[in-house]
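The block underneath contains the structure these notes are about, expressed in structure tokens.
Just so it is clear, the structure is predicted and the values come from calculations on it, not from any experiment. Only this structure's heavy atoms are used, side chains among them; waters, hydrogens and symmetry mates stay out.
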Amino acid sequence: MGQVPATPHDALFKSTFSDPRHAEGALRTALPKGLAGRFSWDTLEAVPGSFVDSELRSRHTDLLFRVSLSGREARLYLLYEHQSTPHPLMPFRLVAYAVRIWEAWLKQNPGATVLPAIVPVVLHHGEAGWTAARSLEELYDLDEATLHAAGAHVLRHRFVLDELVTESDEALRGRGMSALGRLVLVCFRHARAPEELVRHLGAWAD
């Protein structure tokens, strides 16, 4: 299921964040602090392959990482949504990708009776911000009372969103990340306005 990055954005994302030294900061700063503190970041390791549907590769690029979470094997799944309009069925897509990740893992661990936890993180830089659903429950054609009655009997799968449009350059500069990781994020933030990017890059010369 591997792929060659289709755009310069894809290539920059893959070449930078497939390196755990740069991915760690991007993931750690996107996750809630209480959860981020439970990962053993020195165990972070990229897992080869892509799980994105072929027809969506023009808008989605993904990276998968193996990592220890509270002493147990887990996965961090980083998906880059590089279209200006967010995918309206993103929670469903992420569930489909998670199933593929588990299926691949089970082929390597056929006798397993438990599954590694998968934490999905979506990186987005659209100008209008994220306006689509962030959890599977938001996609159900149910009224609020019925959804509440269903409770834990329906999948709710909510992803972590790192929305660059809401961040200032100063906030990105202050993130606990590698210098290259921060520079790539600011490039993504201004990617739709090249003149702005050129104007701001001078401040990042250090």
Looking at [X] and [Y], would you say the former's side chain and the latter's main chain have a donor-acceptor pair under 3.5 Å?
X	Y	value
Asp143	Thr146	yes
Arg93	His87	no
Arg189	Glu167	yes
Ser40	Thr43	no
Trp130	Ala132	yes

Rounded to the nearest 0.5 Å, what's the gap from [atom1] on [X] to [atom2] on [Y]? Could you check?
X	Y	atom1	atom2	value
Ser68	Arg38	OG	CZ	12.0 Å
Thr16	Met177	OG1	CE	9.0 Å
Asp162	Leu123	CG	CG	5.5 Å
Leu139	Met90	CG	CE	11.0 Å
Leu44	Arg21	CG	CZ	12.5 Å
Leu76	Arg66	CG	CZ	12.0 Å

Show the nearest heavy-atom pair for residues [X] and [Y], with the distance to one decimal.
X	Y	value
Ala74	Pro116	CA-CB, 4.1 Å
Glu163	Thr166	O-OG1, 2.8 Å
Thr61	Lys14	CG2-CE, 3.4 Å
Ser15	Ser18	O-OG, 3.9 Å
Ala112	Leu106	CB-CD2, 4.2 Å

- Could you walk me through whether Val67 and Glu45 pass the side-chain contact (heavy atoms from CB on, under 4.5 Å) test, one step at a time? CA-CA 6 Å; Val67 66; Glu45 178 185 357; over 6 Å; no
Hey, does [Y] have a side-chain heavy atom less than 4.5 Å from the side chain of [X]?
X	Y	answer
Leu136	Val154	no
Tyr140	Leu155	yes
Leu164	Leu172	yes
Phe188	Leu12	yes
Ser168	Arg173	no
Thr131	Pro86	yes
Leu94	His157	yes
Phe51	Tyr77	yes

- Ser178 and His22: CA distance, side-chain angles, deciding distance, side-chain contact (heavy atoms from CB on, under 4.5 Å) verdict: CA-CA 6 Å; Ser178 66; His22 306 307; 2.5 Å; yes
Do [X] and [Y] land in one hydrophobic cluster if side-chain heavy atoms of ILVMFWY residues count as linked below 4.5 Å?
X	Y	result
Val52	Phe92	no
Trp102	Phe159	yes
Val122	Leu89	no
Leu183	Leu78	yes
Ile118	Val95	no

Ring centroids only, cut at 6.0 angstrom: are [X] and [Y] within range, meaning strictly under it?
X	Y	result
His125	His82	no
Tyr80	Phe17	no
Phe65	Trp41	no

- Task: Determine, step by step, whether Trp105 and Arg75 satisfy the side-chain contact (heavy atoms from CB on, under 4.5 Å) criterion, reporting the C-alpha distance in whole Å, the side-chain angles of both residues, the deciding distance to 0.1 Å, and the verdict.
- Result: CA-CA 10 Å; Trp105 185 85; Arg75 296 290 186 272; 3.1 Å; yes
- Any ion pair linking Arg158 and Glu138 (charged N to carboxylate O, less than 4.0 Å)?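 Yes.
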Distance-only check: which donor-acceptor pairs under 3.5 Å involve side-chain atoms of residues 27-37, not counting sequence neighbours?
residue, atom, partner, partner atom, Å
Arg28, NH2, Glu24, OE2, 2.5
Thr29, OG1, Gly25, O, 2.8
Thr29, OG1, Ala26, O, 3.3

- For side-chain contact (heavy atoms from CB on, under 4.5 Å), just list the numbers for Phe39 and Val119, CA-CA rounded to whole Å, side-chain angles, deciding distance to a tenth of an Å, and then say yes or no. CA-CA 11 Å; Phe39 285 98; Val119 180; 4.2 Å; yes
